[in-house]
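Report on the following structure.
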Number of protein chains: 2
Amino acid sequence: MTSPIKILLAEDQGLLLGALCALLDLEPDMQVVGKASDGKQALQMARELRPDILLTDIEMPVMTGIELARHIQQSDLCCKVIILTTFARSGYLRRAMDAGVKGYLLKDAPSDELANAIRRVMQGRKMIAPELIVDAWEEADPLSDKERRALKLAADGQQTEQIARAMHLSPGTVRNYLSSASSKLNASNRIEAARIARQKGWL
Amino acid sequence: MTSPIKILLAEDQGLLLGALCALLDLEPDMQVVGKASDGKQALQMARELRPDILLTDIEMPVMTGIELARHIQQSDLCCKVIILTTFARSGYLRRAMDAGVKGYLLKDAPSDELANAIRRVMQGRKMIAPELIVDAWEEADPLSDKERRALKLAADGQQTEQIARAMHLSPGTVRNYLSSASSKLNASNRIEAARIARQKGWL
DNA sequence: ACTTTAATGTGACAATTGTCATTAATCGCT
DNA sequence: AGCGATTAATGACAATTGTCACATTAAAGT
């Protein structure tokens, strides 16, 4: 047997970070070499520690897991990124694959599968949570950037006037954007549109 | 030293459940005697296994952690319940205290604090996440039941007409409820009202 | 029996939102 | 310069929402 698989963890939820570390350290062929609680920190540690695997959450402060994966991909590090997230959203998966990740797992999965997934990825395979494989061939995000931004603000309860100020647009234009977003998503108002978009991971 | 602290875990996120188990089993004075992935299952296991501590999430399928705590309290089990949740919402904490829980911790906390918190609770202390202690003396939930229900549906993007049908009320009445909810929460529309209510844990 | 109180409904009006057709300005491209 | 595409704005109108004053009804006290 060769040297153990060196793993770097990135997860902002302190408890899960520590617990994952305990879990993986139980595996004789793995070794957690570092723990980061945001994306930026993880990137820096990856450069120093040269892990084989970077296991990261998506939603983290400072830098998201997706951005992190993109940076790793563009660097000279030969570190395989595995995403570990709560959200079974097809939009996230698509963006993650574009960023070159090797695995996309859900926190819902039983914990004993994790170590195996890591080993498979080390062998060069890709591991995608089964719940998502079907979804993956779903529609692409139809929203424009402006539509997305307006929808986000609307979902917070801001009204047209305020959204317009925030986006440096006229109220009329904002209503146009929200209207077109709604029609693209087959929603009957901005709130429903936001809900749908969020559920698909487009928001 | 006496026998180890017997712990039952309830958590629907499979990965965290397994990882927590690994983490706690590292402590020499603790022993995880059971793992449940929903509230109902946890209640049944608590009756069979008689753990000293029940460590549970709030948001679980079938039965929430709060309901679970209430059942335990009303039973003859002398099992101390500790809530472990992502959400720093004062409403949740209040309801949890009413249900007689002995601890309320956040998943954000560093993992090494968990074992200590459990030991403290075993000694009869109460452990509340510091972020929440300030919040705890905040305002009580001002919403009526109908207001809450209407707000929930509105937050989904349903419009007055549909909400009215769902609640067997006239559209006018629904608008009245939403209006009064908004004014109670100092919101300027139903969406903002829903956002505020959700943030406080009232929804 | 006679208030009181809470829950529900109505109607009216203003404000906000949704929809659409049309126009204007800007940019890249040939 | 001229063409299409993109982005932003306008105006008009209908629909939905927010607000409030005011019935109506049915318990719940006293």
Side-chain angles (χ1 to χ4, degrees), chain A residues 91 94-95 98 138-203, chain B residues 91 94-95 98 138-203:
Chain A
R94 181 175 301 268
R95 275 182 266 166
D98 289 346
E138 296 258 315
E139 346 117 71
D141 181 350
L143 296 176
S144 78
D145 229 45
K146 301 295 178 74
E147 287 164 351
R148 195 185 340 277
R149 219 145 46 97
L151 218 44
K152 258 188 220 174
L153 296 172
D156 270 6
Q158 308 218 28
Q159 36 201 117
T160 314
E161 196 65 52
Q162 305 170 286
I163 299 174
R165 267 199 300 278
M167 295 180 67
H168 306 291
L169 291 176
S170 90
T173 308
V174 169
R175 291 202 285 155
N176 286 338
Y177 280 133
L178 289 173
S179 179
S180 81
S182 290
S183 90
K184 282 177 182 177
L185 301 175
N186 272 69
S188 62
N189 58 55
R190 43 180 87 184
I191 316 159
E192 196 187 354
R195 188 178 55 75
I196 294 172
R198 182 157 282 150
Q199 185 227 314
K200 300 262 192 186
W202 295 334
L203 211 155
Chain B
R94 182 175 302 266
R95 277 182 263 166
D98 289 346
E138 295 258 317
E139 347 119 69
D141 181 350
L143 296 176
S144 78
D145 229 45
K146 301 295 179 72
E147 287 164 353
R148 197 187 339 279
R149 211 135 63 86
L151 218 45
K152 259 187 219 173
L153 296 172
D156 270 6
Q158 308 218 28
Q159 35 202 126
T160 314
E161 196 66 52
Q162 306 170 287
I163 299 175
R165 268 200 300 278
M167 295 180 66
H168 305 292
L169 291 175
S170 89
T173 307
V174 169
R175 292 204 282 155
N176 286 339
Y177 280 134
L178 288 172
S179 179
S180 81
S182 290
S183 90
K184 283 177 181 175
L185 301 176
N186 271 69
S188 62
N189 58 54
R190 43 181 86 185
I191 315 159
E192 197 186 353
R195 188 179 55 75
I196 294 172
R198 183 158 281 150
Q199 185 227 313
K200 301 262 191 183
W202 296 334
L203 212 155

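Convention: sequence-line order gives letters A, B, ...; per-chain numbering from 1.
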Take the protein atom [atom1] of [X] and the nucleotide atom [atom2] of [N], then report the distance between them rounded to whole Å.
X       : N       : atom1 : atom2 : answer
N186(B) : dT19(D) : CG    : P     : 11 Å
K184(A) : dG18(C) : NZ    : P     : 16 Å
L185(A) : dG18(C) : CG    : C1'   : 15 Å
Y177(B) : dG18(D) : OH    : P     : 16 Å

Test salt bridge (Lys or Arg N to Asp or Glu O under 4.0 Å) applied to K184(B) - qualifying residues, sequence neighbours left out: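 Only E147(B) meet the salt bridge (Lys or Arg N to Asp or Glu O under 4.0 Å) criterion with K184(B).
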N/O-N/O pairs, protein side and nucleotides 22-24 of chain C side, under 3.5 Å:
none

Residues forming a side chain to side chain donor-acceptor pair (under 3.5 Å) with S182(A), sequence neighbours excluded: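 S182(A): no side chain to side chain donor-acceptor pair (under 3.5 Å) contacts found.
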Qualifying residues under side chain to side chain donor-acceptor pair (under 3.5 Å), relative to E192(A), sequence neighbours excluded: S188(A)
Sequence neighbours excluded - side-chain hydrogen bond (donor to acceptor under 3.5 Å, both in side chains) pairs with any residue from residues 162-171 of chain A: S170(A)-T173(A)
End axis versus end axis in the helix from dA1(C)-dT30(D) to dT30(C)-dA1(D), the angle rounded to 10°, five pairs used at each terminus: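 Its terminal axes enclose an angle near 30°.
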Contact pattern, 5' to 3', of nucleotides 9-16 of chain C - B, S or - by protein heavy atom under 4.0 Å: BB-B---S
Just distance, no hydrogens or angles: give the donor-acceptor pairs under 3.5 Å from side chains in residues 148-157 of chain B, sequence neighbours left out.
| residue | atom | partner | partner atom | Å |
| --- | --- | --- | --- | --- |
| R148(B) | NH1 | D141(B) | OD2 | 2.5 |
| R148(B) | NH1 | W202(B) | O | 3.2 |

Near-strand residues of residues 143-155 of chain B, defined as heavy-atom separation under 4.0 angstrom from DNA chain D: none
Contact list for residues 171-182 of chain A, test salt bridge (Lys or Arg N to Asp or Glu O under 4.0 Å), sequence neighbours left out: none
List every contact pair, protein side and nucleotides 25-28 of chain D side both N or O, where the distance is under 3.5 Å.
none

Side-chain heavy-atom pair R195(A), I191(A) within 4.5 angstrom cut-off: no
